[in-house]
Amino acid sequence: MEFFKIKRDIPFMRHALIFNVISALTFVAAVFFLVTKGLHFSVEFTGGTVMELRYPHAADQEKIRRSLEKLGYEQPEVVPFGTAQDIMLRLPVRKDVAGSGTSATVFNALCAAESGSPKQVQQTTDKGESVTRTSCVNAAGAEVVSLQRVEFVGPQVGDELAQNGLNALIMVVIGVMVYLAVRFEWKFAVAAIVANLHDVVIILGFFAFFQWEFSLTVLAAVLAVLGYSVNESVVIFDRIRETFRKERKLSVTQVIDHAITSTISRTIITHGCTEMMVLSMLFFGGQTLHYFAVALTIGILFGIYSSVFVAAAIAMWLGVKREDLIKPVKPKDETDGAVV
């Protein structure tokens with residue numbers, strides 16, 4: 001399917017050097033921010049307490065933040081969870097407060113801010129099970145806030161999650177490189193990996209520069225971008241191989257330009273539809289999906305750029321040629337093995 005067809009090839013490779021210099025500068029800047037500022041890891045990696053609260057009305061997030069700041073939490077994370085009445089708190093580990101006592105201390109402070117007192121309430125679930133839930137009631141006996149869930153992540157668990165995330169990233173990179181080397185040629189594999197790492201580092205650089213929270217959902221977005229970016233590279237590489245087979249008079253540069261130009265319509269359709277879905281998550285998905293959508297948006301945009309100007313250009317500079325992708329046909333022996 002094509003929205004339009006460009007009759008004349010666009011000379012992308014003519015400007016490859018300029019765009020790769022820009023990419024190199026952007027890459028260096030991203031590495032600089034990662035080294036100097038570092039990532040702002042969420043409690044899944046650093047360890048801490050996650051609490052889910054429910055209010056009978058729209059929660060006053062600023063009031064909750066002020067209460068947490070009085071307890072000594074700097075820049076506490078207070079985000080809506082599903083609805084305006086449901087609030088999620090992410091609190092880092094504090095040396096002066098035991099992990100098991102964090103939730104009780106915080107809930108008591110929030111309860112006092114609502115002029116209420118904590119109370120243990122017995123409830124029956126849909127399955128008929130009796131459970132005890134921590135609630136806060138005012139003088140009239142009305143519930144002003146309730147504790148829905150508490151989860152504590154220890155520092156050791158956070159370190160394990162970080163190590164597992166790094167292992168997943170390494171396994172994806174190795175898998176992509178092996179796949180491309182088998183399907184195409186090692187020069188394409190190297191070019192695609194450089195382009196993919198370029199995308200990943202730039203995403204991390206954005207998160208380091210703006211100090212956005214780096215959570216497990218953002219890590220999932222980074223891994224998704226790796227697969228998404230390599231898919232675009234595979235489409236272009238496959239079209240390069242096809243063009244080498246059909247257009248034997250074209251030079252390597254002309255073949256790459258033709259391959260990229262012929263896939264522009266497909267790129268616009270595919271990435272345009274994907275980006276619309278990602279932007280809907282960004283604007284309407286709430287705080288829970290915000291940074292996940294931000295990482296995907298950055299990754300998709302830079303993935304298109306790197307597949308065209310980084311991966312294809314590096315493959316060209318590595319000396320890819322027709323013989324690398326198309327095996328020469330051996331001439332048939334007319335004697336059919338007979339000896340004269």
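Count residues from 1 along the sequence.
Counting all heavy atoms, side chain and backbone alike, Ala192 lies closest to Phe237 at CB-CE1, 4.0 Å. When all heavy atoms are compared, the tightest approach of Phe33 to Gly205 is CB-O, 4.3 Å. When every heavy atom of Ile260 is checked against every heavy atom of Ala312, the shortest pair comes out as CD1-CB, 4.1 Å. Between Asp257 and Phe12, the shortest heavy-atom distance links the atoms OD1-N, 3.1 Å. Taking both residues in full, the closest heavy atoms of Pro92 and Tyr73 are given as O-CE2, 3.8 Å, listed atom of the first, atom of the second, then distance. Residue Ala221 comes nearest to Ala295 through the heavy atom pair CB-CB, 3.7 Å, listed as atom of the first residue, atom of the second, then distance.
Two residues are said to be in side-chain contact when any heavy atoms from C-beta on lie closer than 4.5 Å; Thr102 and Thr105 fail this criterion. You'll find the side chain of Ile236 reaches within 4.5 Å of the side chain of Val308, heavy atoms only. A heavy-atom distance below 4.5 Å is found between the side chains of His271 and Arg266. Side-chain atoms of Ser135 and Pro118, non-hydrogen and from C-beta on, never get closer than 4.5 Å to each other. By the 4.5 Å heavy-atom criterion applied to side chains, Met281 and Phe292 are counted as neighbours.
Using a distance-only test at 3.5 Å, with no hydrogens or angles considered, a donor-acceptor pair links the side chain of Lys37 to the main chain of Phe209. Using modelled atom types, no side-chain atom of Asp238 and backbone atom of Val234 make a donor-acceptor pair closer than 3.5 Å. Distance alone, capped at 3.5 Å, places no donor-acceptor pair between the Ser67 side chain and the Leu110 backbone. At least one donor-acceptor pair closer than 3.5 Å links the side chain of Gln211 to the backbone N or O of Ala208.
Glu275 and Thr297 are linked by a side-chain donor-acceptor pair at a separation below 3.5 angstrom, with hydrogens and angles left out of the test. Between the side chains of Tyr228 and Thr274, at least one donor N or O sits under 3.5 Å from an acceptor N or O. With 3.5 Å as the limit, one finds no donor-acceptor pair spanning the side chains of Ser115 and Asn138. Under 3.5 Å, the side chains of Thr253 and Ser251 contain no donor-acceptor pair of N or O atoms. For the residue pair Gln148 and Ser146, a side-chain donor N or O sits within less than 3.5 Å of a side-chain acceptor on the partner. There is no side-chain donor-acceptor pair under 3.5 Å between Asn20 and Ser23. Looking at Thr49 and Ser103, their side chains never bring a donor and an acceptor atom within 3.5 Å of each other.
Hydrophobic clustering (side-chain heavy atoms under 4.5 Å, transitive across Ile, Leu, Val, Met, Phe, Trp, Tyr) keeps Met277 apart from Ile300. Cluster membership for Leu279 and Leu301, using ILVMFWY side-chain heavy atoms within less than 4.5 angstrom, is not shared. Taken together through direct or relayed side-chain contacts under 4.5 Å among Ile, Leu, Val, Met, Phe, Trp and Tyr, Val194 and Phe27 form part of one hydrophobic cluster. Leu53 and Val121 fall into different hydrophobic clusters, where Ile, Leu, Val, Met, Phe, Trp and Tyr are joined by side-chain heavy atoms under 4.5 Å apart, directly or via other members. Tracing side-chain contacts under 4.5 Å through hydrophobic residues (I, L, V, M, F, W, Y), one reaches Val201 starting from Ile22; they form part of the same cluster.
Ring geometry, Tyr305 versus Phe302: the interplanar angle exceeds 60°, so the pair is classed perpendicular (tilted spans 30 to 60°).
Between Glu77 and Arg65 there is no salt bridge, since none of the side-chain N atoms of the basic residue sits less than 4.0 Å from a carboxylate O of the acidic one. A salt bridge is absent between Glu143 and Lys119; no separation between the charged side-chain nitrogens and carboxylate oxygens falls under 4.0 Å. A salt bridge between Arg66 and Glu69 is absent, with no side-chain N of the basic residue lying under 4.0 Å from a carboxylate O of the acidic one.
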Arg54 and Ile87: CA distance, side-chain angles, deciding distance, side chain to side chain contact (heavy atoms under 4.5 Å, CB included) verdict: CA-CA 6 Å; Arg54 175 169 295 171; Ile87 294 295; over 6 Å; no
Could you walk me through whether Val137 and Val144 pass the side chain to side chain contact (heavy atoms under 4.5 Å, CB included) check? CA-CA 6 Å; Val137 296; Val144 291; over 6 Å; no
Report the C-alpha separation of Leu289 and Thr217 in whole Å, then their side-chain angles, then the decisive distance to 0.1 Å, and conclude whether the side chain to side chain contact (heavy atoms under 4.5 Å, CB included) test is met. CA-CA 8 Å; Leu289 295 175; Thr217 56; over 6 Å; no
Take Ser215 and Glu213 through the side chain to side chain donor-acceptor pair (under 3.5 Å) test and state the conclusion after the steps. CA-CA 6 Å; Ser215 61; Glu213 183 187 56; 4.6 Å; no
Stepwise side chain to side chain donor-acceptor pair (under 3.5 Å) check, Arg239 with Ser262: CA-CA 8 Å; Arg239 190 58 62 91; Ser262 60; 3.0 Å; yes
Under the criterion side chain to side chain contact (heavy atoms under 4.5 Å, CB included), I'd like the reasoning laid out for His290 against Trp212: C-alpha separation, chi angles, the key distance, then a yes or no. CA-CA 10 Å; His290 180 75; Trp212 293 331; over 6 Å; no
Arg90/Glu151 under salt bridge (Lys or Arg N to Asp or Glu O under 4.0 Å): CA gap, chis, key distance, verdict: CA-CA 10 Å; Arg90 292 190 179 97; Glu151 181 178 337; over 6 Å; no
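Cluster partners of Ile174 are Leu166, Ile170, Val178, Val182, counting Ile, Leu, Val, Met, Phe, Trp and Tyr whose side-chain heavy atoms approach within less than 4.5 Å, directly or via other members.
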